[in-house]
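I have placed the structure first, in the form of structure tokens, so that the comments after it can refer back to it.
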Number of protein chains: 2
Amino acid sequence: MAQRVTLKQVAVQAGVSYQTVSKVLNKQAQVSKETKERILEAVQTLGYHPNSIARNMRLQQSCLIGYSWAPAPPDQVNPILDQLLQSMAQAAETAGYHLLCFPHHFDQETVTAYRDLIDTNRVDGFVISSVEYDDPRVTFLQERGFPFVAFGRSNPELSFPFVDIDGAAGMQMVVEHLVRLGHRHIAALAWPKDSRVGQNRMDGYLSGLAANGISVSPGLILRCEGNFQGGLEATSRLLELPVIQRPTAIMAFNDVMAIGAIRAAQERGLQVGVDLAITGFDDTPMVQYLTPTLTSVRQPIWEVGQQVISILLSILNETSLPGAQVLVRPELIVRESSRGQSIQNDKTKLVNYP
Amino acid sequence: MAQRVTLKQVAVQAGVSYQTVSKVLNKQAQVSKETKERILEAVQTLGYHPNSIARNMRLQQSCLIGYSWAPAPPDQVNPILDQLLQSMAQAAETAGYHLLCFPHHFDQETVTAYRDLIDTNRVDGFVISSVEYDDPRVTFLQERGFPFVAFGRSNPELSFPFVDIDGAAGMQMVVEHLVRLGHRHIAALAWPKDSRVGQNRMDGYLSGLAANGISVSPGLILRCEGNFQGGLEATSRLLELPVIQRPTAIMAFNDVMAIGAIRAAQERGLQVGVDLAITGFDDTPMVQYLTPTLTSVRQPIWEVGQQVISILLSILNETSLPGAQVLVRPELIVRESSRGQSIQNDKTKLVNYP
DNA sequence: ATATTGAATGCGAACGTTCGCCCGAACGCT
DNA sequence: AGCGTTCGGGCGAACGTTCGCATTCAATAT
């Protein structure tokens, strides 16, 4: 491996003190044009690159942003992880920052890993995701006064910078879409009450119904686990209701529940999209290849990643409005499962309500 | 934010020089029992944690492992990213290392990002994945003599440390399985010839046939893009062959192609799993919820992550056998699409050929 | 009694930067 | 001619560690 080139070697080559080289490179000094050129030339020929560890040492920062996430359960895949990481990494890189990814620990206290990274000065800030009510990470980081930005909200009374998807708006779009198709009996496959994201989507479902003058039928709201089995069983129960109470449309709170719902309907010989509308949430890439293709709500993850990093960087540079809170609108993707058309495999229509 | 505690403060508290504190903490010195206890007590009460930037500065290392990956195309999801990252991050953490994730650049020369990270001393080593023939990263890192481990092989003549899935073995398991069910006309939905992974899987397909005394029918090998559309169109062509040439089983080189194949078969009114066997590769979590559920090959990603990091760490500690090359066996997951049974949704049988 | 060991600890130096202060020279002004 | 101002650049210091060598003191061997 080539020996590292340092400031001093450049300085010798250019015949100046090494501190002057540093000044030139940081564009902050008043140096004559000639010496400046001489120095830059020496930098070129020697192939000098600043040692970031030494810079970090001097500047008392690491230029690293910590990020950790809960792994997806084995029967599911995290549909946004790839894009979120790429987006955040890209936004960070342009500012000279990088992402430090650390593993999620179920067993021990969650905040331990965060504390260690702070105590050892490894990171300058955090991005946290999958934020829940009374999230221990939020309270911990707030107590320590350590910079962080959340992807997702928490308790309304807690005030901290976040970026979140407007899940309520997304659900409202779905309701709107179904109502236009003539549906009035719209069921919801919801999550347990302790889910913050679930509550947000529920709000959208309810306000969507209200906005269209539809009264809520408690029997059409089923709370269950957000997986295939949950969607399957809940839908089975819905389809056993007396005809007059039975829903003509089912809104699942995520895609994998919708897939369970489709299976339940098909087992009863129903043609999804014709006899019964079913919608999902997340727009997992594969749902466009289901039979029928699934109507879902797509989250603008790239934008979330950009915003999260942008806010965090402004906090780190202390150029921030203290409590930036951003909501981004998702996008409704209408497909066969809610359209009542015959099945075609290559048509996907994008509808984005403004 | 609390003022940072340094070695010197601990030293003052314990009444020794700060270098002695360092020695105690690194367990390398001969210090008396009493002072050792006094120092450790001071460390406790002051809450001292070593500043990792300063350590890195002194030790001329960053304890960071660089990792970058090509994002999945928009209609697909990377089924292994989550688990691979968690596995690598976990393995790294136990050795005091962390993952530095940087974005993939399509436009510029791929190695630029790698070069920058090396030049600025940001990372101690790399993990690279999606390795192809004549991969520029391999040649670049070999030239620079910079530590790295690959997830995936490249040209056979290149010698570097890697961990790879034995894709050939996986495909052979599939052939074996299909032959036991009585299939003799087994088609392959393959990838373009420049794909290293594709070639590896093709080898397994061919040797699997040979091992069972089945001669290769060139008409049953179709090369196409590894996406839904590719699988759909290739399967359509296969199903238009004269009955005597038509395959009774189709092995797709990945899951999303298999999904396209299923669609093509269903459009012709075939019952997949009964009239025609179809298999995938990767065992993307969602394929267990397809109709019919999909037989696929599962890759032991957790193990890959552990091995990759373990090898890299041994290189960094110079305790390595120079060219560790590890193959891990995948696992065949048999489901309805190749079983010829009526459709049931909750039965998944695992078969792992030894 | 003196030389030889060994343990326990102190001390200087270095890793590669950045920052602020200082100093000399040149310049323009009264 | 004297004085303040600006420009160009040098220099010391510090960030918090770790490492190797020097030093002290007591114990043992000669």
Side-chain angles (χ1 to χ4, degrees), chain A residues 1-40 42-43 46-64 96 117-124 317, chain B residues 1-40 42-43 46-64 96 118-124:
Chain A
M1 176 143 47
Q3 201 51 247
R4 284 207 52 81
V5 180
T6 79
L7 274 185
K8 298 197 182 178
Q9 302 177 37
V10 176
V12 169
Q13 175 95 354
V16 291
S17 76
Y18 67 94
Q19 294 97 329
T20 306
V21 179
S22 169
K23 285 179 184 164
V24 168
L25 262 32
N26 295 326
K27 313 185 193 307
Q28 59 146 15
Q30 29 207 21
V31 285
S32 73
K33 194 146 186 145
E34 308 92 61
T35 51
K36 184 174 174 181
E37 280 172 6
R38 204 152 25 99
I39 288 173
L40 291 179
V43 165
L46 292 180
Y48 169 79
H49 296 270
N51 181 324
S52 61
I53 300 183
R55 300 192 79 236
N56 295 339
M57 171 84 191
R58 173 65 224 226
L59 301 175
Q60 296 287 84
Q61 58 176 21
S62 64
C63 289
L64 289 173
L117 289 170
I118 295 176
D119 285 341
T120 58
N121 258 25
R122 282 234 95 165
V123 299
D124 294 342
N317 298 328
Chain B
M1 173 144 51
Q3 201 52 247
R4 284 208 52 80
V5 181
T6 79
L7 275 184
K8 297 195 182 178
Q9 302 177 38
V10 176
V12 169
Q13 174 94 357
V16 292
S17 76
Y18 65 94
Q19 294 97 329
T20 305
V21 180
S22 169
K23 284 177 185 164
V24 168
L25 261 32
N26 296 325
K27 313 184 191 304
Q28 58 146 14
Q30 31 206 18
V31 283
S32 74
K33 197 150 184 143
E34 307 92 59
T35 53
K36 185 173 172 181
E37 279 171 8
R38 204 152 26 97
I39 288 174
L40 291 179
V43 165
L46 292 180
Y48 169 78
H49 296 270
N51 181 324
S52 61
I53 300 182
R55 298 192 81 237
N56 295 339
M57 171 84 190
R58 173 65 223 224
L59 300 175
Q60 296 286 83
Q61 59 177 20
S62 64
C63 289
L64 289 173
I118 295 176
D119 285 341
T120 58
N121 257 25
R122 284 234 91 164
V123 300
D124 293 343

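First the proteins, then the strands, lettered A, B, ... as listed; each starts at 1.
By the 4.5 Å heavy-atom criterion applied to side chains, B:Y48 and B:L25 are counted as neighbours. In this structure the side chain of B:T20 never reaches within 4.5 angstrom of the side chain of B:T35, judged on heavy atoms.
Put simply, the side chain of A:N121 never gets that close to the backbone of B:S52: no donor and acceptor are under 3.5 Å apart. Between the side chain of B:R38 and the backbone N or O of B:Q13 there is no donor-acceptor pair closer than 3.5 Å.
To the nearest 0.5 Å, atoms NE2 (B:H49) and CD1 (A:I118) are separated by 10.5 Å. Between the CG atom in A:L7 and the CG atom in A:L46 there is a gap of 11.5 Å [rounded to 0.5 Å]. The OG atom of B:S22 lies 8.5 Å from the CZ atom of B:R55; values are rounded to the nearest 0.5 Å.
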Report the C-alpha separation of B:R122 and A:N56 in whole Å, then their side-chain angles, then the decisive distance to 0.1 Å, and conclude whether the side-chain contact (heavy atoms from CB on, under 4.5 Å) test is met. CA-CA 10 Å; B:R122 284 234 91 164; A:N56 295 339; 3.4 Å; yes
Would you check, one step at a time, whether the test side-chain contact (heavy atoms from CB on, under 4.5 Å) holds for B:I53 with A:T120? CA-CA 8 Å; B:I53 300 182; A:T120 58; over 6 Å; no
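B:K8 places its NZ atom 14 Å from the P atom of C:dG10, with the value rounded to the nearest Å. Here D:dC19 presents its C1' atom at 15 Å from CE of B:M57, a figure rounded to the nearest Å. Atom CG of A:N56 is separated from atom C1' of C:dT17 by 10 Å (rounded to the nearest Å). With rounding to whole Å, A:Q61 atom CD is found 16 Å from D:dG16 atom C1'. Summarising the geometry, the separation between CD on B:Q9 and P on D:dC15 is reported as 11 Å, rounded to the nearest angstrom. Going from atom NZ of A:K33 over to atom P of D:dC7 covers 15 Å, rounded to whole Å. Atom-to-atom, NE2 of A:H49 to P of C:dG16 comes out at 15 Å; the value is rounded to the nearest Å. In this structure, B:R4 places its CZ atom 9 Å from C1' of D:dG16, rounding to the nearest Å.
Regarding contacts with the backbone of C:dG10, a side-chain N or O of B:T20 is found under 4.0 angstrom from either OP1 or OP2. The side chain of B:T35 places no N or O atom within less than 4.0 Å of a non-bridging phosphate oxygen (OP1 or OP2) of C:dA8. OP1 or OP2 of D:dG9 sits under 4.0 Å from a side-chain N or O of A:S32.
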What nitrogen or oxygen pairs link the protein and nucleotides 18-25 of chain C at under 3.5 Å?
| residue | atom | partner | partner atom | Å |
| --- | --- | --- | --- | --- |
| C:dT18 | OP1 | A:N26 | ND2 | 3.4 |
| C:dT18 | OP1 | A:R55 | NE | 2.9 |
| C:dT18 | OP2 | A:S22 | OG | 2.6 |
| C:dT18 | OP2 | A:N26 | ND2 | 3.4 |
| C:dT18 | O2 | A:R58 | NH1 | 2.0 |
| C:dC19 | O4' | A:R58 | NH2 | 3.3 |
| C:dG20 | O6 | A:K23 | NZ | 3.2 |

Would you tabulate the nitrogen or oxygen pairs shorter than 3.5 Å linking the protein to nucleotides 23-28 of chain D?
none

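Heavy-atom distances to DNA chain D give each of B:N51 and A:K36 a nearest nucleotide, and the one nearer the 5′ end belongs to A:K36.
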